[in-house]
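Notes for the one structure printed next.
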Amino acid sequence: MIRKSYLLLSLLQAVLSQEWKGVTPREVTAQEGLCAQIPCHYSYPSHLANQPRDGLWINNEHPITSSIAFHSKDRNHELPRFRHRTRLSGDLKDGDCSLIINSVTQQDAGPYYFRIEFENTNKFTYLPATRLHVSDTPRNLSITSRDTIKDSSITITEGNSAVILCSVESFPASNLTWRHLGVTMNRTSSNNELWLEFAHVTSRVAGDYQCVAENGHGAVEGTITIAVEHAPRNLSITSRDTIKDSSITITEGNSAVILCSIESFPASNLTWRHLGVTMNRTSSNNELWLEFAHVTSRVAGDYQCVAENGHGAVEGTITIAVKRQDFSGWKAALLGVGIALSIALAGSLIFRCVRRGSSRGRGPSTQAVRVGDSTPGEQADRPRKKEEGQEIKSNRRTNQYQDHNLYENCKFDESSVYANV
């Protein structure tokens, strides 16, 4: 409203004074892709009021007609990039010389001034020129650094300093913000560049960083990933078996797997060593396995895991103890079985000896003496019957104790009896 009032007042003054005078703003801003309007009112001597005229808008710093953006009489005089895109919003006879530019581009930015030409060779150029600015959303956002950036990533050695610059093209100037993990790290207002500085880089710096640029016409964002190189650290030795005080006990005959892992960037070369001999090795990897398919007593001892990269090295040690298998359970079982078998064998031998002795003791007692039967010469023996009767009686006493002597025929070999115990 104030601008319109000012233009009307200026126009009125120009008419009353009967002078060549134009009223245009010094600067105009338009958003890229939309329409741009340069307000314009002009005055001229009153005696030319009924004269035919042509109006021209020239896109140049100097009053020459080589860069015509608009020509009211012959559009062929216009620069090709302006044809069918420029027009006047009013009527030249009414003193309205406002220019409209459709689909504004960055190439359209620059100075514009109006020129009036009457048929009777009266011509006049209205200066100073109006400068057209074309704004866009943070266009051409750029992230740069003194360190090499490759594929939107930068690598910094731990302990060094780093400076990263975010810049953008926009009009009006953008507000820029650096963010990391959703937290604002740095911010500037109405400026098209913003620095992100690290005085002493640590591993905590590593991650993705976003630079956001925004003005009244939009916003744009760029991302850079910071990687921090450092020596190996936090070496860890783990296993499915329990590790206590850097020592592990494994039962003989079992299998075992031990893992050595490390934190480092770039990745470390890892080596397992035992008694100064390399057991296993890997290149550019942060973990390495040590495996035993069948543990024996030879496995016992100290093992070292060494991790190294271009920034340093670190070592860890584990002691492997091998425990023999516990056979006490089945040994006791075998002993019991041996004792049972020995007792059974001894019983069998005793039984056989008893049977053998019994068969020998019954021989004399089973001989029958038949009275009345006699052979020639038996009569001669009869006087001896008394003596024989006494002998038989004595034998009967002897046979009463014969069973106690049955075991005299059993010869036991203790070594054979208890051989299975």
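No hydrogens, no waters, no symmetry mates; every other heavy atom, side chains included, goes into these values.
We find the CG-CG distance between D147 and N160 to be 8.0 Å, quoted to the nearest 0.5 Å. If you take OG on S98 and CG on D91, they are separated by 12.0 Å, rounding to the nearest 0.5 Å. Annotation: the span from I262 atom CD1 to R233 atom CZ amounts to 9.5 Å, rounded to 0.5 Å. S268 OG to N309 CG: the interatomic distance, rounded to the nearest 0.5 Å, is 4.0 Å. Atoms CD and OG1, from E229 and T157 in turn, are 5.0 Å apart once rounded to the nearest 0.5 Å.
Side-chain contact between E32 and Q106 is present, with at least one heavy-atom pair separated by less than 4.5 Å. Using a 4.5 Å cut-off on side-chain heavy atoms (C-beta onward), S284 and N269 make contact. Side-chain contact between F114 and L99 is absent, with no heavy atoms from C-beta onward closer than 4.5 Å. Residues T144 and I164 fail the side-chain proximity criterion, which asks for heavy atoms closer than 4.5 Å. At a threshold of 4.5 Å between non-hydrogen side-chain atoms, the residues I149 and I224 count as touching. The shortest side-chain heavy-atom distance between N192 and S170 falls under the 4.5 Å cut-off. Side chains of T223 and S152 form no contact here, defined as non-hydrogen atoms less than 4.5 Å apart. Counting only heavy atoms from C-beta outward, the side chains of S203 and E158 approach each other to under 4.5 Å.
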Note to self: Determine whether Y126 and C40 satisfy the following criterion, side-chain contact (heavy atoms from CB on, under 4.5 Å), listing intermediate values before the conclusion.
What the structure shows: CA-CA 10 Å; Y126 295 89; C40 176; over 6 Å; no
Note to self: Applying side-chain contact (heavy atoms from CB on, under 4.5 Å) to E287 and C260, what does each step give before you reach the verdict?
What the structure shows: CA-CA 6 Å; E287 63 178 28; C260 178; over 6 Å; no
Margin query: Test side-chain contact (heavy atoms from CB on, under 4.5 Å) on W272 and L288; report intermediate values, then the result.
Written below: CA-CA 8 Å; W272 273 110; L288 180 61; 3.6 Å; yes
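Counting all heavy atoms, side chain and backbone alike, S264 lies closest to P232 at CB-CA, 3.6 Å. Among all heavy-atom pairs drawn from S103 and R85, the shortest one is O-NH2, 3.1 Å. Across Q31 and V134, no two heavy atoms sit closer than the pair C-CG1, 4.5 Å.
Counted within 6.0 Å of CG on N76, heavy atoms from surrounding residues, nucleotides or ligands total more than 12; the atom is thus considered enclosed. Heavy atoms of other residues, nucleotides or ligands lying less than 6.0 angstrom from CZ of R273 number 12 at most. Within a 6.0 Å radius of CZ in R281, other residues, nucleotides and ligands contribute 12 heavy atoms or fewer.
Every residue two or more places apart in sequence or in another chain that forms a salt bridge (Lys or Arg N to Asp or Glu O under 4.0 Å) with E78 is listed here: R75.
For residues 287-314, every residue pair satisfying the ring pair (Phe, Tyr, Trp, His ring centres under 6.0 Å) rule, not counting sequence neighbours, is listed here: H274-Y303, F292-Y303. Screening residues 206-226 for salt bridge (Lys or Arg N to Asp or Glu O under 4.0 Å) gives no qualifying pairs among residues at least two apart or on separate chains.
Checked against the 6.0 Å centroid criterion, the rings of F118 and F124 do not qualify as a close aromatic pair.
Checked options V212, N191, T188, N186; the residue passing with L176 is T188 (criterion: side chain to side chain contact (heavy atoms under 4.5 Å, CB included)).
At a threshold of 4.0 Å, the pair R115-D54 does not count as salt-bridged, since none of the basic side-chain nitrogens sits closer than that to a carboxylate oxygen.
Although no hydrogens or angles enter the test, the distance criterion places no donor-acceptor pair under 3.5 Å between the side chain of T319 and the main chain of S247.
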